[in-house]
Peer 1: 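Before I ask anything, here is the structure I am working with.
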Protein chains: 2
Amino acid sequence: MVSAPLPDPVPAEEYEQCPVTDVLRRVGDKWTVLVVVLLGRRPYRFNELHRAIATISQRMLTRTLRGLETDGLVHREVFPTNPPSVEYRLTPLGESLLVPLSALADWVMEHRTDIAAARSAHAAERGDDVTAP
Amino acid sequence: MVSAPLPDPVPAEEYEQCPVTDVLRRVGDKWTVLVVVLLGRRPYRFNELHRAIATISQRMLTRTLRGLETDGLVHREVFPTNPPSVEYRLTPLGESLLVPLSALADWVMEHRTDIAAARSAHAAERGDDVTAP
DNA sequence: CGGTATCCAGAGAGATACTG
DNA sequence: CAGTATCTCTCTGGATACCG
């Protein structure tokens with residue numbers, strides 16, 4: 001069932017601020033989904049996440065977490081220990097997002113060979129040599 | 001059901017070329033989903049799509065369609081009429097993508113007020129004046 | 001430990017002009 | 001009609017250094 005009955009000449013402003021577009025752009029960024037999936041298993045502290053995601057920069061981890069926090073998908077809790085520790089975990093809203101996200105991931109895993117095949121075919125058709133250096 | 005049992009220290013290269021990440025970035029771009037949804041209703045010709053999406057540039061429409069074609073989600077067919085016309089339509093693979101995409105869209109529509117509320121709350125907490133110029 | 005602040009490179013995206 | 005070619009600008013993402 002598709003939710004939006006979408007007018008045909010899609011209005012400019014309406015699309016720009018469409019909440020669906022908005023969320024898609026968020027999950028389409030480089031790290032958000034990975035962070036959500038990790039936090040879906042258990043809470044993490046900041047540097048714990050940093051270690052778990054080998055190649056993320058501190059800056060991008062912070063930005064990603066802030067974005068998720070702003071949207072109410074992740075909860076940030078500071079414990080006044082020494083040294084201080086900050087725990088991140090999914091909110092119920094964040095957990096509920098895992099459901100459609102998993103569905104999409106499953107679709108990809110189910111069809112990834114089709115996509116790979118299409119890419120090869122397209123490259124071959126254009127005369128590209130896929131095996132070239 | 002989640003498809004990927006995901007190792008904890010997420011390996012650098014593995015993540016970079018993960019097919020799921022790959023597809024998420026595609027649907028996270030500005031126009032892809034809109035084009036897929038429109039083509040989900042019926043085939044379109046190039047300029048017909050251009051008119052249907054008020055604010056897209058010719059260049060971005062071309063690029064978006066090429067990307068979808070490369071991945072085997074859209075079929076491009078040229079009719080040697082005069083003037084020439086080119087029709088775009090979803091492949092079966094493209095149509096199957098509409099299912100998980102709709103699920104995600106439905107999630108967003110269901111929870112958009114929660115997200116909006118979280119954003120307001122977060123802005124207020126930070127002392128931002130949402131009504132400011 | 002858990003961040004900010006700054007600076008910088010590259011991809012994404014748009015405007016415009018031209019073409020088979 | 002259905003594009004391609006340029007040029008430009010913004011925005012994302014990364015490296016580095018510093019702070020409570």
Side-chain angles (χ1 to χ4, degrees), chain A residues 10 12-13 15-17 21-35 38-39 43-70 74-89 126, chain B residues 10 12-13 15-18 21-35 38-39 43-70 74-89 122 125-127:
Chain A
V10 179
E13 272 188 52
Y15 180 65
E16 298 291 341
Q17 59 190 36
T21 302
D22 204 65
V23 169
L24 280 169
R25 292 193 71 99
R26 176 165 297 282
V27 304
D29 83 0
K30 191 166 182 180
W31 304 108
T32 292
V33 168
L34 180 54
V35 168
L38 284 175
L39 292 181
Y44 276 77
R45 294 200 344 258
F46 186 87
N47 277 347
E48 203 178 5
L49 265 179
H50 200 180
R51 280 188 297 273
I53 308 177
T55 52
I56 197 172
S57 65
Q58 216 171 30
R59 177 176 128 85
M60 290 314 297
L61 180 54
T62 302
R63 286 176 52 125
T64 302
L65 288 168
R66 288 287 173 280
L68 288 168
E69 199 195 346
T70 298
V74 160
H75 177 76
R76 175 177 182 272
E77 186 160 6
V78 183
F79 296 98
T81 56
N82 192 341
S85 74
V86 179
E87 184 182 278
Y88 293 90
R89 61 182 140 83
R126 283 187 33 203
Chain B
V10 179
E13 270 188 54
Y15 179 64
E16 298 291 340
Q17 60 191 34
C18 166
T21 302
D22 204 66
V23 168
L24 280 169
R25 291 193 71 100
R26 174 165 297 282
V27 305
D29 84 359
K30 191 165 181 179
W31 303 107
T32 292
V33 168
L34 181 53
V35 169
L38 284 175
L39 291 181
Y44 276 78
R45 285 176 325 141
F46 186 86
N47 276 347
E48 203 178 5
L49 265 180
H50 199 180
R51 279 188 296 274
I53 308 177
T55 52
I56 197 173
S57 66
Q58 221 171 26
R59 176 172 133 75
M60 289 315 296
L61 180 54
T62 302
R63 288 177 52 122
T64 301
L65 287 167
R66 287 287 172 282
L68 288 167
E69 199 195 347
T70 298
V74 159
H75 176 76
R76 175 178 182 272
E77 187 162 4
V78 182
F79 296 97
T81 55
N82 192 340
S85 73
V86 180
E87 184 182 278
Y88 293 90
R89 63 183 140 82
H122 193 257
E125 214 163 285
R126 283 188 33 205

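All chains are named by letter (A, B, ...) in the order of the sequence lines, taking the proteins before the strands, and each is independently numbered beginning at 1.
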Peer 1: Out of Glu48(A), Glu77(A), Glu69(A), which one pairs with Arg89(A) under the salt bridge (Lys or Arg N to Asp or Glu O under 4.0 Å) rule?
Peer 2: Glu77(A)
Peer 1: Just how far, in rounded Å, is P of dG20(C) from CZ of Phe46(B)?
Peer 2: 17 Å
Peer 1: Round to a whole Å and report the spacing from CD of Glu87(A) to P of dG2(C).
Peer 2: 11 Å
Peer 1: Rounded to the nearest Å, what distance is computed from the CZ atom of residue Arg45(B) to the C1' atom of nucleotide dG3(D)?
Peer 2: 14 Å
Peer 1: Toward the 5' end of DNA chain C, which comes first, Gln58(B) or Tyr88(A), by nearest nucleotide?
Peer 2: Tyr88(A)
Peer 1: Using whole Å, what does the distance between atom P of nucleotide dG12(C) and atom CG of Leu24(A) come to?
Peer 2: 17 Å
Peer 1: Quick one: Ile56(B) CD1 to dA15(C) P, roughly how many Å, whole number?
Peer 2: 11 Å
Peer 1: Output the rounded distance in Å from CD (Glu77(B)) to P (dA2(D)).
Peer 2: 13 Å
Peer 1: Send over the distance from Leu65(B) CG to dC1(D) P, rounded to a whole Å.
Peer 2: 16 Å
Peer 1: Taking only the side-chain nitrogens and oxygens of Arg66(A), find out if one of them lies under 4.0 Å from OP1 or OP2 of dG3(C).
Peer 2: yes
Peer 1: Got a list of protein N/O to nucleotides 10-13 of chain D N/O distances below 3.5 Å?
Peer 2:
from	atom 1	to	atom 2	distance (Å)
dG13(D)	OP1	Lys30(A)	N	3.0
dG13(D)	N7	Arg59(A)	NH2	2.8

Peer 1: Grab the CG-P distance between Leu49(A) and dG3(C) for me, whole Å please.
Peer 2: 10 Å
Peer 1: Which nucleotide sits closest to the side chain of Arg51(B): dG2(C), dA2(D), dC1(D)?
Peer 2: dC1(D)
Peer 1: Below the 4.0 Å mark, does dC1(D) have OP1 or OP2 next to a side-chain nitrogen or oxygen of Tyr44(B)?
Peer 2: no
